[in-house]
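Everything below concerns the one structure shown next.
Numbers restart at 1 for each chain; the letters A, B, ... are given by sequence-line order, proteins then strands.
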2 protein chains.
Amino acid sequence: MTVPPGVVRLPRVTLAGQVAGAMRDAVLSGVFPPGQQMNEAELAGRFEVSRGPVREAMQRLVQEGLLVSHPHRGVFVVRLSEADLADVYLARSAIESTALRRIADLPDREPLAGHLAAAVAGMAAAVAVADWADVADSDLAFHRALVDAAGSPRLSRMYETVQAETRLSFQHLMSGYRSSAELVDEHRRLAALATGGDLQAALVELARHLADPVRILRRIGAAAGDPGAP
Amino acid sequence: MTVPPGVVRLPRVTLAGQVAGAMRDAVLSGVFPPGQQMNEAELAGRFEVSRGPVREAMQRLVQEGLLVSHPHRGVFVVRLSEADLADVYLARSAIESTALRRIADLPDREPLAGHLAAAVAGMAAAVAVADWADVADSDLAFHRALVDAAGSPRLSRMYETVQAETRLSFQHLMSGYRSSAELVDEHRRLAALATGGDLQAALVELARHLADPVRILRRIGAAAGDPGAP
DNA sequence: CCGTGAGCGATTGTCAACAATCCTACGATC
DNA sequence: GATCGTAGGATTGTTGACAATCGCTCACGG
């Protein structure tokens with residue numbers, strides 16, 4: 001019997017892996033408030049598994065920066081301060097600007113342009129109906145496409161962590177997105193520059209986009225519910 | 001009773017944490033060859049602990065990129081290819097160049113200059129006696145000081161992972177250091193530029209220092225045991 | 001000879017129980 | 001009232017046993 005193409009090895013799934021995914025989603029969607037203790041026994045009961053896989057899952061999220069572990073005292077949802085937000089943006093800037101440098105050398109930037117355009121279109125549609133969660137998703141998908149286009153496993157892996165923290169800080173520090181066409185235009189401009197071949201202009205635009213947290217924090221102060229771009 | 005200053009909360013230590021540290025050291029020092037399976041039961045016996053803490057320790061190293069886990073099949077020491085090495089250098093470049101930008105804004109760069117000078121002195125002494133392990137340690141300490149001086153927890157955390165991979169790829173892909181004063185001079189020059197206030201020159205020097213892997217790989221090909229700077 | 005299925009041993013994944021640690025509350029003493 | 005010591009409950013850390021999975025080998029049938 002010859003096996004037809006398309007038949008591939010099925011992914012192995014462990015309980016710990018599934019629990020980690022479910023917990024990651026729960027943390028990122030704000031189900032647990034900052035500083036909340038994650039009770040092993042209770043979570044194990046909810047998931048109907050033993051404490052072992054829950055422990056493993058939580059260790060993973062600790063390494064991802066979403067939870068923090070204090071030995072013998074428990075594991076807690078991180079409290080992200082404004083200083084943390086600033087640091088997240090610095091890390092994003094490091095990763096995304098390096099990605100832009102790689103993208104500038106790509107022989108074919110059309111696939112990336114397509115992905116960025118799709119994200120911008122999704123963002124515009126979400127802005128039109130004031131669906132803030134979708135705006136955030138599109139925004140993060142835009143930047144994720146940028147980093148992944150660099151073709152660097154390590155940049156992508158680092159960005160995964162930092163993007164989760166971006167989403168989390170958005171949950172904890174910000175209360176929503178402004179309904180503004182400026183946000184969409186900003187991304188449209190960045191997409192054009194990132195794929196247009198003018199690296200220096202793209203870097204300047206990215207730096208402006210991820211400008212220093214003082215500007216972002218000013219926005220928070222100036223208008224509640226007006227946090228700027230993640 | 002008033003407690004005198006200097007009396008601080010003692011760090012809590014778990015078996016899992018200790019096992020993780022010992023295993024990290026063993027992996028980084030080349031005790032386990034690339035692709036080696038890490039047998040839980042055997043390691044648990046060696047450490048005289050149960051398999052639980054060994055599992056937790058290994059999960060941590062998996063997240064750090066030193067081990068790779070295949071569910072139901074085991075955990076293995078990663079095999080780092082030349083493409084991996086190139087990617088590690090790209091990630092280092094992203095982090096270290098961002099650190100340089102932050103350092104350029106430091107009000108006082110003297111402490112960093114001191115740390116870099118100490119690392120260079122240690123490197124020179126190690127080169128003089130052809131102690132390759134010490135050369136590597138000094139080299140990595142130099143770059144670590146650079147990143148830590150940026151004062152960004154996330155840059156430092158990301159760098160920890162990438163530096164461990166640097167050390168590991170050094171173990172797996174390279175066979176030693178050349179005994180060369182050029183290496184020491186390179187670092188001395190980088191230290192001067194990093195703390196001297198000329199950001200552009202420092203960035204150019206860092207880029208040269210972490211030049212594209214093709215140059216490094218050429219060196220491997222040109223002279224066995226002559227891998228260039230990590 | 002080749003392909004398939006079954007069995008076995010080794011190893012990983014999970015479970016439940018016990019041990020250890022922490023925090024809080026309460027009582028005793030000064 | 002402040003401090004100290006103790007006990008108890010809740011939770012985390014670890015252990016050893018059982019369950020599940022995988023890879024390899026061997027036997028059988030076509």
Side-chain angles (χ1 to χ4, degrees), chain A residues 1-4 7-24 26-27 32-63 66-79, chain B residues 1-4 7-24 26-27 32-63 66-79:
Chain A
M1 177 183 81
T2 60
V3 179
V7 175
V8 297
R9 177 183 168 91
L10 295 176
R12 286 344 186 229
V13 177
T14 60
L15 289 181
Q18 290 179 77
V19 170
M23 285 180 61
R24 187 182 295 109
V27 171
F32 301 107
Q36 163 91 58
Q37 180 161 14
M38 312 298 278
N39 183 304
E40 292 181 12
E42 188 174 315
L43 288 167
R46 289 279 178 80
F47 288 119
E48 294 192 21
V49 299
S50 75
R51 282 172 46 223
V54 171
R55 288 183 66 80
E56 286 194 31
M58 289 204 287
Q59 288 302 314
R60 294 187 197 184
L61 297 197
V62 167
Q63 298 263 108
L66 300 182
L67 304 179
V68 60
S69 166
H70 299 294
H72 293 293
R73 285 174 55 186
V75 175
F76 303 81
V77 177
V78 294
R79 292 184 189 277
Chain B
M1 177 182 85
T2 60
V3 178
V7 174
V8 297
R9 176 183 168 91
L10 294 177
R12 290 335 188 235
V13 178
T14 61
L15 288 183
Q18 291 179 77
V19 170
M23 285 180 62
R24 188 181 295 109
V27 170
F32 302 105
Q36 164 90 57
Q37 182 162 11
M38 313 297 280
N39 183 303
E40 291 181 12
E42 188 174 316
L43 287 167
R46 290 277 178 82
F47 287 119
E48 293 193 22
V49 298
S50 74
R51 282 172 46 222
V54 171
R55 288 183 65 81
E56 286 194 30
M58 289 205 286
Q59 287 302 315
R60 294 187 197 185
L61 296 197
V62 166
Q63 297 265 108
L66 299 183
L67 304 179
V68 60
S69 166
H70 299 297
H72 293 293
R73 285 174 56 185
V75 175
F76 303 80
V77 178
V78 293
R79 292 184 189 279

Item checked: For DNA chain C, the residues among residues 52-60 of chain B that have a non-hydrogen atom under 4.0 Å from it ->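 Those residues whose heavy atoms fall under 4.0 Å from DNA chain C, taken from residues 52-60 of chain B in numerical order, are B:R55.
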Next item on the list: Specify the residues of residues 34-47 of chain B, ordered by number, for which at least one heavy atom lies under 4.0 angstrom from an atom of DNA chain C.
Entry: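 Correct list: B:Q37, B:M38, B:N39, B:E40.
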Item checked: Sequence-distant partners of B:R73, salt bridge (charged side-chain N to carboxylate O under 4.0 Å, His left out), two or more places apart ->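 So B:R73 forms no salt bridge (charged side-chain N to carboxylate O under 4.0 Å, His left out) with any residue.
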Item checked: Residues forming a salt bridge (charged side-chain N to carboxylate O under 4.0 Å, His left out) with A:R60, sequence neighbours excluded ->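 So A:R60 forms no salt bridge (charged side-chain N to carboxylate O under 4.0 Å, His left out) with any residue.
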Notebook entry, point to check: On DNA chain C, nearest-nucleotide positions of B:H70 versus A:R51: which is more 5'?
Noted result: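 Upstream on the strand: B:H70.
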Next item on the list: Please round to the nearest 0.5 Å and tell me the distance separating atom CE of A:M58 and atom CD of A:Q63.
Entry: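 Atom-to-atom, A:M58:CE and A:Q63:CD are 13.5 Å apart.
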List, with names and distances, any nitrogen or oxygen atoms from the protein found under 3.5 Å away from nitrogen or oxygen atoms belonging to nucleotides 20-24 of chain C.
{"from": "C:dC22", "atom 1": "OP1", "to": "B:R12", "atom 2": "NE", "distance (Å)": "2.3"}
{"from": "C:dC22", "atom 1": "OP1", "to": "B:R12", "atom 2": "NH2", "distance (Å)": "3.2"}
{"from": "C:dC23", "atom 1": "OP1", "to": "A:R73", "atom 2": "NE", "distance (Å)": "3.0"}

Note to self: Using every non-hydrogen atom in the two residues, find where A:S69 and A:V62 come nearest and quote the distance to one decimal.
What the structure shows: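 That would be CB-CG2, 4.0 Å.
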Checklist line | Smallest separation among heavy atoms of B:Q37 and B:G74, with atom names | finding: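 Closest pair (atom of B:Q37, atom of B:G74, distance): NE2-CA, 3.7 Å.
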Report all side-chain donor-acceptor pairs from residues 12-24 of chain A shorter than 3.5 Å, counting only partners two or more places apart or in another chain.
{"from": "A:R12", "atom 1": "NH1", "to": "A:L10", "atom 2": "O", "distance (Å)": "2.7"}
{"from": "A:T14", "atom 1": "OG1", "to": "A:G17", "atom 2": "N", "distance (Å)": "3.0"}
{"from": "A:R24", "atom 1": "NE", "to": "A:E64", "atom 2": "OE1", "distance (Å)": "2.8"}
{"from": "A:R24", "atom 1": "NH2", "to": "A:E64", "atom 2": "OE2", "distance (Å)": "2.6"}

Next item on the list: Please examine the side chains of B:R46 and B:E42, heavy atoms only from C-beta on, and report whether any two atoms are closer than 4.5 Å.
Entry: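 With C-beta onward as the side chain, the pair touches.
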Item checked: B:V78 vs B:L67 side-chain heavy atoms within contact, under 4.5 Å ->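 B:V78 does not reach B:L67 side chain to side chain.
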Checklist line | side-chain hydrogen bond (donor to acceptor under 3.5 Å, both in side chains) involving B:E56 - partner list, sequence neighbours excluded | finding: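 For B:E56, the residues satisfying side-chain hydrogen bond (donor to acceptor under 3.5 Å, both in side chains) (neighbours in sequence not counted) are A:R55.
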Next item on the list: Counting heavy atoms from C-beta on, name the nucleotide in D:dA17, C:dA17, D:dT15 closest to the side chain of B:L15.
Entry: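 Taking heavy atoms from C-beta onward, the closest nucleotide is D:dT15.
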Check: Counting any heavy atom closer than 4.0 Å, what does A:V75 reach on the DNA or RNA strands: base, sugar-phosphate only, or nothing?
Finding: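 If one applies the 4.0 Å heavy-atom cut-off, A:V75 turns out to touch nothing in the nucleic acid.
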Note to self: With a cut-off of less than 4.0 Å, is there a side-chain N or O of A:S50 near OP1 or OP2 of C:dT14?
What the structure shows: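 Answer no for this pair, as no side-chain N or O of A:S50 is under 4.0 Å from OP1 or OP2.
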Checklist line | Those residues that, when tested against A:F76, pass ring pair (Phe, Tyr, Trp, His ring centres under 6.0 Å) (two or more places apart) | finding: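 Applying ring pair (Phe, Tyr, Trp, His ring centres under 6.0 Å) to A:F76 gives A:H70.
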